[in-house]
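In what follows, a single structure is set out as structure tokens and then discussed.
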2 protein chains.
Amino acid sequence: MDLFLSHFVNRFDAKGRISAPAPFRAVLAKDGFDGLFIQPALDAPALDCGGKALVKEIEALLDSLPPYSREREDLATALFGASEVLRLDSEGRFLLGERFRAALDLTDEAAFVGCGHKFQIWEPRRFAAHLEEAKTRARGLKARIGVKGQRE
Amino acid sequence: MDLFLSHFVNRFDAKGRISAPAPFRAVLAKDGFDGLFIQPALDAPALDCGGKALVKEIEALLDSLPPYSREREDLATALFGASEVLRLDSEGRFLLGERFRAALDLTDEAAFVGCGHKFQIWEPRRFAAHLEEAKTRARGLKARIGVKGQRE
DNA sequence: TGGGCTACCATGGGCTACTATGGGCGTCAA
DNA sequence: TTGACGCCCATAGTAGCCCATGGTAGCCCA
């Protein structure tokens, strides 16, 4: 099951390094991508992270837009222009750029949140709040689906 | 019959481990998932647990929503972000995170409740109360069905 | 039908490997 | 030269692995 699941909170050390959670590293290793693809999430104060699978997904999204169109150029810039590929050290740690840390208000800790095919990095408190909101909305959504369809 | 049925109450040991009931382990083994997928239930003070079948169900639910939509992101966060995959030790025990234990008010015991394709973990007293309520509602429902059709 | 035996299960505890984290040192580049 | 980063080693805490034990439920046999 090569999915990013669960969430973890790790801390930055004095050098600004932080460990990627071991289970996530295992998924990345299976993905065959030697490194970590990172980009700011478009609609949340978080970073989207992943491996080959995530990059492919983004390419597919771009391919769905007409070549040379304004939308495609914008999206490509927004997504790839702001992204980085980081290398993990032999202990599975990486150095998060100042730009990213400032954008997320990260100080001494960061939350790693599994989202299936990718994972996100959040400021822990902010994520806790976001999770509560998401749960509330998901409850409403589930209720609607439950009425229309079957199951759950 | 690969369903989670019946309910069991087991206790946490000094290390915080707890045994998954043997019948449930048998179902998980048949499911072919080496581990236990756990997430907070959206609408009850309980945890939803299961194997591959449960994860697939969630993926299917997500896939039914448009990619990059707000609903999908919310649901993915609420479902996957709050979930964990735990491994069972060779005796079929697992370690429940502090987060989950606190959320359910679990102290020294936990109730494992079969729900067909998944099972739930409850604080035993709370579950007893919930069961009574459910029974009452079920009686009402049965009575209504009994009136329309025949049978019982 | 009753008594004894056995296999399974929940639980306990020791040990080890792994993980997250800390810190030193060399190298490369500004 | 100095700072930053990559590589390496050290360490505490913990999660997983293995073996032990007591109780019980099911089974067999008389």
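Here the structure is a predicted model, which means the values were calculated and not measured.
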Exercise. For B:G81 and A:H7, work out which heavy atoms get closest and say how close.
Key: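 Distance-wise, the nearest heavy atoms are O-ND1, 3.2 Å.
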
Self-check item: Nearest atoms (heavy-atom pairs only) where A:L5 meets B:S83
Solution: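 The answer is CD2-OG, 3.9 Å.
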
When all nucleic acid strands are considered with a 4.0 Å heavy-atom cut-off, which category describes [X]: base, sugar-phosphate, or nothing?
{"X": "A:N10", "value": "sugar-phosphate"}
{"X": "B:R17", "value": "base"}
{"X": "A:A26", "value": "nothing"}

Quiz item: Could a donor-acceptor pair under 3.5 angstrom be found where the side chain of B:E91 meets the base of D:dC19?
Solution: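 Answer yes: a donor N or O sits under 3.5 Å from an acceptor.
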
Below 3.5 Å is the cut-off: list the nitrogen or oxygen pairs between protein and nucleotides 1-5 of chain D, distance only.
none

Quiz item: Quick one: is C:dA20 close enough that its OP1 or OP2 comes under 4.0 Å of any side-chain N or O from A:R25?
Solution: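 Checking C:dA20 against A:R25, a side-chain N or O does come within under 4.0 Å of OP1 or OP2.
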
Quiz item: Does OP1 or OP2 of D:dC17 have a side-chain N or O of B:R87 closer than 4.0 Å?
Solution: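 The answer is yes; a side-chain N or O of B:R87 sits under 4.0 Å from OP1 or OP2.
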
Self-check item: B:D43 and A:R139 ion-paired at < 4.0 Å
Solution: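 Result for this pair is no, no salt bridge flagged.
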
Quiz item: Hey, is B:R99 close enough to B:E84 for a salt bridge, meaning N to O under 4.0 Å?
Solution: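 Yes, charged N to carboxylate O under 4.0 Å.
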
Quiz item: Tell me: CG of B:D89 to C1' of D:dC19, nearest whole Å?
Solution: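 My rounded result for the distance is 12 Å.
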
Quiz prompt | Rounded distance in Å - CG (B:D13) to P (D:dA15) | solution =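 Atom CG in B:D13 sits about 13 Å away from atom P in D:dA15.
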
Quiz item: Between C:dG23, D:dC17, C:dC9, which one does the side chain of A:R93 approach most closely?
Solution: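 It is C:dG23.
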
Self-check item: Side-chain heavy atoms of A:L95 within contact of A:L86, under 4.5 Å
Solution: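 A:L95 vs A:L86: side chains apart.
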
Quiz item: What would the secondary structure line of DNA chain D be in dot-bracket form, counting Watson-Crick and G-U wobble pairs under 3.5 Å, with [ ] for pairs that cross earlier ones and | for pairs with another strand?
Solution: ||||||||||||||||||||||||||||||

